[in-house]
There are 2 protein chains.
Amino acid sequence: MTVSYAEIREASVGAFSEGCGTRVVLDHIMSKWGVLVLASLSDGTRRWGELRRDVGGISEKMLATTLRTLSADGLVHRESFPAVPPHVEYSLTPLGRDLMERMLPLVEWVAEHADGMLGRDPV
Amino acid sequence: MTVSYAEIREASVGAFSEGCGTRVVLDHIMSKWGVLVLASLSDGTRRWGELRRDVGGISEKMLATTLRTLSADGLVHRESFPAVPPHVEYSLTPLGRDLMERMLPLVEWVAEHADGMLGRDPV
DNA sequence: CTGTATCCAATTCGATACTG
DNA sequence: CAGTATCGAATTGGATACAG
């Protein structure tokens with residue numbers, strides 16, 4: 001393991017305490033829908049309707065909430081083109097791309113191992 | 001970016017659909033408490049009470065639930081030593097250590113960037 | 001097309017009390 | 001020490017309707 005959890009905690013003093021910034025951001029990006037929206041955007045710019053289809057099962061409410069949160073965190077960029085009908089594009093910011101570089105390997109690992117790990121007895 | 005989301009989806013057909021194994025496991029390990037429990041265990045074996053203190057703010061109920069889930073997924077190993085008073089140790093399985101190798105870089109990145117990202121306006 | 005507003009159901013979660 | 005059981009509060013989440 002390259003970096004230990006203890007070293008991470010030491011490096012950023014005060015992190016991981018209740019309600020700290022690190023925990024808040026972790027909750028945003030590791031949330032049920034946050035991961036999937038970020039993953040979808042990591043493939044490129046998406047419109048609202050495309051995201052809605054691409055992230056199967058998400059409701060309009062949760063898509064709106066998730067996009068607002070990730071936007072406020074500076075991970076997602078929203079660009080609206082004045083036109084009728086409206087045209088809005090979502091994409092990752094540089095910060096968001098930096099994040100996904102760390103997150104995609106994890107998602108890949110889960111996709112590879114998930115089916116073997118469910119429903120079996122504790123080791 | 002080493003691997004694209006599209007490539008991951010292609011490699012594991014059927015993943016990321018509603019209720020699929022990948023999504024279920026993602027929910028377990030990316031959950032509010034799952035991440036913190038796994039991170040704590042990545043530093044080494046912990047007893048129940050140690051986890052309770054180390055993961056500040058977790059209730060007994062959520063600690064129990066989280067440990068059972070991660071255990072059933074084969075990520076956490078539970079070993080109880082017959083003694084009075086009881087002595088139980090939790091640790092990562094090889095699978096769990098493999099997972100944390102991918103997750104810790106992400107956690108480290110968040111700890112480093114979190115404080116700069118909160119409460120600011122959308123980009 | 002791109003959302004917002006509202007209501008209601010389901011789930012999560014925490015506090016407390018209690019057991020082996 | 002290491003949990004389980006139970007209850008109620010709080011949050012999340014989905015369906016629907018509607019607005020710009």
Side-chain angles (χ1 to χ4, degrees), chain A residues 17-20 23-38 40-41 44-73 76-91 122, chain B residues 16-20 23-38 40-41 44-73 76-91 121-122:
Chain A
S17 58
E18 285 186 70
C20 71
R23 282 209 190 174
V24 172
V25 173
L26 275 177
D27 281 354
H28 294 173
I29 65 171
M30 313 279 268
S31 71
K32 179 183 176 75
W33 300 118
V35 181
L36 298 172
V37 167
L38 286 168
S40 177
L41 289 177
T45 296
R46 294 257 185 287
R47 299 181 56 171
W48 168 275
E50 290 176 322
L51 279 173
R52 187 116 166 62
R53 274 188 302 279
D54 200 40
V55 182
I58 195 170
S59 69
E60 299 191 337
K61 178 181 175 179
M62 291 319 297
L63 180 55
T65 303
T66 303
L67 285 172
R68 260 201 303 272
T69 303
L70 297 177
S71 222
D73 288 346
V76 167
H77 172 69
R78 176 186 188 277
E79 185 157 19
S80 116
F81 300 87
V84 182
H87 181 115
V88 179
E89 291 186 347
Y90 293 91
S91 57
Chain B
F16 302 103
S17 59
E18 284 187 70
C20 71
R23 281 208 190 175
V24 172
V25 173
L26 274 176
D27 280 354
H28 293 173
I29 66 170
M30 313 280 266
S31 70
K32 179 183 175 76
W33 300 118
V35 180
L36 297 173
V37 167
L38 286 168
S40 177
L41 288 177
T45 296
R46 295 256 186 285
R47 301 182 56 172
W48 167 276
E50 290 176 323
L51 278 172
R52 186 117 166 65
R53 273 188 303 280
D54 201 39
V55 182
I58 195 171
S59 68
E60 298 192 338
K61 178 181 177 179
M62 291 319 296
L63 181 55
T65 304
T66 303
L67 285 172
R68 261 200 304 269
T69 303
L70 297 177
S71 223
D73 288 345
V76 166
H77 172 69
R78 176 185 188 279
E79 185 158 18
S80 114
F81 300 87
V84 181
H87 181 117
V88 179
E89 292 186 348
Y90 293 93
S91 57
D121 291 341

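Each chain gets a letter, A, B and so on, in the order its sequence line appears, and its residues count up from 1.
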> Separation of B:Arg46 atom CZ from D:dA2 atom C1', in whole Å?
Replying inline: 17 Å
>> When you measure from the side chain of A:Arg52 to the backbone of A:Ile58, do you find a donor-acceptor pair of N or O atoms at a distance under 3.5 Å?
In response: yes
>> Using five base pairs at each end to define the local axes, how bent is the helix from C:dC1-D:dG20 to C:dG20-D:dC1, to the nearest 10°?
In response: 50°
>> In terms of relative ring orientation, are A:Phe81 and A:His87 parallel, tilted or perpendicular, with 30° and 60° separating the classes?
In response: perpendicular
> Which pair of non-hydrogen atoms, one from B:Gly19 and one from B:Val24, has the smallest distance, and what is that distance?
Replying inline: O-CG2, 4.0 Å
> Closest heavy-atom contact between B:Val55 and B:Ser40?
Replying inline: CG2-CB, 4.3 Å
>> Generate the contact string for nucleotides 5-20 of chain D. Rules: B means base contact, S means sugar-phosphate contact only, - means no protein heavy atom under 4.0 Å.
In response: -BB-----BB--B--B
>> One pair to check against side-chain contact (heavy atoms from CB on, under 4.5 Å): A:Arg46 and A:Glu89. What are the steps and the verdict?
In response: CA-CA 6 Å; A:Arg46 294 257 185 287; A:Glu89 291 186 347; over 6 Å; no
> The side chain of B:Arg68 lies closest to which of these nucleotides: D:dC1, D:dG3, D:dT4?
Replying inline: D:dT4
>> Restricting to non-hydrogen atoms, name the atom on A:Leu70 and the atom on A:Ile29 that form the minimum distance, rounded to 0.1 Å.
In response: CD2-CG2, 4.4 Å
> A:Val88 and A:Arg47: side-chain contact (heavy atoms from CB on, under 4.5 Å), yes or no, with the steps?
Replying inline: CA-CA 6 Å; A:Val88 179; A:Arg47 299 181 56 171; over 6 Å; no
> What is the nucleic acid contact for A:Phe81, judged by heavy atoms within less than 4.0 Å: base, sugar-phosphate only, or nothing?
Replying inline: nothing
> In Å, rounded to the nearest 0.5 Å, how long is the span from CG of A:Leu36 to CZ of B:Arg23?
Replying inline: 5.0 Å
> A:Trp33 and side chain to side chain contact (heavy atoms under 4.5 Å, CB included): which partner among A:Leu63, A:Thr65, A:Thr66?
Replying inline: A:Thr66
>> Going 5' to 3' along DNA chain C, between which two nucleotides do contacts with chain B fall, using a heavy-atom cut-off of 4.0 Å?
In response: C:dC13 to C:dG20
>> Please give me the minimum heavy-atom distance between A:Thr45 and A:Glu50, naming the atom from each residue.
In response: O-OE1, 4.2 Å
